[in-house]
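Have a look at this one.
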Amino acid sequence: MNDIKITIIDREGKSHTVNAPTDMNMNVMELIRSYELAPEGSIGICGGMAMCASCQCYVISDHELPEMDQDEDLMLSEAFFVKDNSRLSCQLFITDAMDGLEVELAPEA
Amino acid sequence: MIQTDILIIGAGPTGLFAVFEAGLLKLKCHLIDALPQPGGQLAELYPKKPIYDIPGFPEILAGDLVDNLMKQIEPFQPGFTLGERAETIDKLEDGTFIVTTDKGTKHHAKVIAIAGGLGSFEPRKPPISNLAYYEDKGVVYMVKDPEIYRDKKVVISGGGDSALDWTIYLADIAKSVTLVHRRNEFRGALDSVDKVQELKNAGKVELITPAEVVALAGDEKLEAVTIQRGSEIIERHCDYFIPLFGLAPKLGPIADWGLEIEKNAIKVDNTLDYQTNIPGIYAIGDINTYPGKLKLILCGFHEATLMCQSAYQRIFPNKRYVLKYTTVGGVQGFDGSKKEAPKAVVKMIE
Ligand SMILES: Cc1cc2nc3c(=O)[nH]c(=O)nc-3n(C[C@H](O)[C@H](O)[C@H](O)COP(=O)(O)OP(=O)(O)OC[C@H]3O[C@@H](n4cnc5c(N)ncnc54)[C@H](O)[C@@H]3O)c2cc1C
Ligand code: FES
């Protein structure tokens, strides 16, 4: 088993701690969809290509996450409700280093 | 009124392929789409990206797949109502339907196939509190007729291609153009970025970055916008504010048609023909849901094919029909065109 724990606060403010596989090349947006923590059609619209910002989240825990690449950075520059700790969850690929990560979904824009 | 056999709501890959399968059964189709071009998500979200799981195509660009589908259905002369959103469905006593768009275009059809994908593509609206109040009073999300901006003061916000393109276009027409973006960097095509730089240097457009439009003002109509750059507040008088932040699909009117909705999709009772809880209305492609549903293009093609067989039986309850392979039966277009496999060559050996 290559599972870690990730906590997701959904758009209603409810917290969910879920098992996240590190061996499936999955990202946090897909994790959220696999547990149906946001309604279908409201997250992952571009399929995870950093092109829609429907998967925007705020990183609450103080994990060191991989740096943003340019696509993510520029997409966030056009997204709404952006804060300093905003990330596109589709660009956060689940790794062992993320054990205990806590993120909150940004409002639907 | 537009008359057709099958009215297809949504001109994505599923809706387009349905035209072909219907055509083989000599059923005529008309498509409605909120977007100005056919292709659905493929055309709007990723036209230049490759797809690797279309059977028989190791790799194909999404835009090319749409072009190919358009070519494939051409013999069946589909009609299109583009740039309009299907708003209401009325079922008549004889079991046929009238579908009306937001612009009032009416369509009369024997059967409806909803191939609405993730919903109709609508502009993404920035969270400015009184934005809705100024819609049609100076706030516009899509530039349709550039002439209305002649000699007007325009503020555009956004950092992608459409914000840059319209800034360039309107610079020649409007009295003034101000482009506001949250960053100094732009995401659009490089030559558009260069062109805006030139226009700025020549004093033809005003660029305010990194900044955001935070408030709108005006009594009867929009008169000014408030722009925030760091702690600095900038006011600009304007006649129009055009926020250009791309399009996102919204289920929209589909939710009001009396159909069973589950997970933002239309529940279909069975996977025999993808009919909804309203007989005569089918839901195919990304828009439907059933146990085991996968939102894939190839699944949409399959669903469209089964739907057409069922639609045929609904329209002609007393006509017998058996499936014919295209290789055997050929393709006879409504335009008189005919495609068929060449006959075997017979030659004697002496
Ligand atoms: C970035 C990305 C990559 C993808 N890659 C793949 C892949 O590799 N392989 C694969 O199989 N799939 C892929 N997909 C999924 C694929 O694009 C969808 O499965 C497919 O587009 C569904 O087709 P559709 O015709 O059912 O719906 P759509 O393509 O969503 O088209 C629906 C159309 O209906 C219109 N519409 C909806 N409601 C209304 C209304 N009321 N009035 C008027 N018009 C309306 C919309 O405007 C839209 O144009 C990808 C999707 C994305 C976003
Ligand atoms: S899913 Fe579209 S940006 Fe993440």
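The sequence lines fix the lettering, A, B, ..., with proteins before strands; numbering per chain opens at 1. For the numbers below, each heavy atom of this structure counts, side chains included, while hydrogens, waters and symmetry mates do not.
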For the CD atom on B:E232, are there more than 12 heavy atoms of other groups (residues, nucleotides or ligands in this structure) within a distance under 6.0 Å? yes
task: Can you establish whether the number of heavy atoms outside B:M142 located under 6.0 Å from its atom CE is more than 12?
output: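 Counting other residues, nucleotides and ligands, CE of B:M142 exceeds 12 neighbours.
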What residues of residues 79-97 of chain A make heavy-atom contacts with chain B at a cutoff under 4.5 angstrom?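 Listed by number, the contacting residues are A:A79, A:F80, A:F81, A:V82.
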If one checks every heavy atom of B:I128 against chain A at 4.5 Å, the contacting part turns out to be neither
Q) Got a second to check how far B:R187's CZ is from A:S77's OG, nearest 0.5 Å? A)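 With rounding to 0.5 Å, CZ (B:R187) is 7.0 Å from OG (A:S77).
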Tell me whether A:D23 at atom CG has more than 12 heavy atoms from other residues, nucleotides or ligands lying less than 6.0 Å away.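 Yes, enclosed.
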If you tally heavy-atom pairs under 4.5 Å between each of A:M49, A:E40, A:E78 and chain B, the highest tally belongs to A:E78
Honestly, the part of A:D71 sitting under 4.5 Å from a heavy atom of chain B is neither
message = Is it the case that over 12 heavy atoms from other parts of the model lie below 6.0 angstrom from the NZ atom of B:K200?
response = no
| What part of B:K295 gets closer than 4.5 Å to chain A, counting heavy atoms only: side chain, backbone, both or neither? |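 When you check distances to chain A, only side chain atoms of B:K295 fall under 4.5 Å.
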With a 4.5 angstrom heavy-atom cut-off, is it the side chain or the backbone of B:R183 that approaches chain A, or both, or neither?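 The side chain, not the backbone.
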Under a 4.5 Å heavy-atom criterion, the part of residues 28-39 of chain A in contact with chain B comprises A:E36, A:P39
| query | Which bit of B:L118 comes within less than 4.5 Å of chain A, counting heavy atoms only: side chain, backbone, both or neither? | reply |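 Just its side chain gets close to chain A.
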Heaviest contributor of heavy-atom pairs below 4.5 Å to chain A, chosen from B:G160, B:A248, B:G158, is B:G160
Tightest non-hydrogen contact, residues A:L74 and B:E185, listed as CD2-CB, 3.9 Å
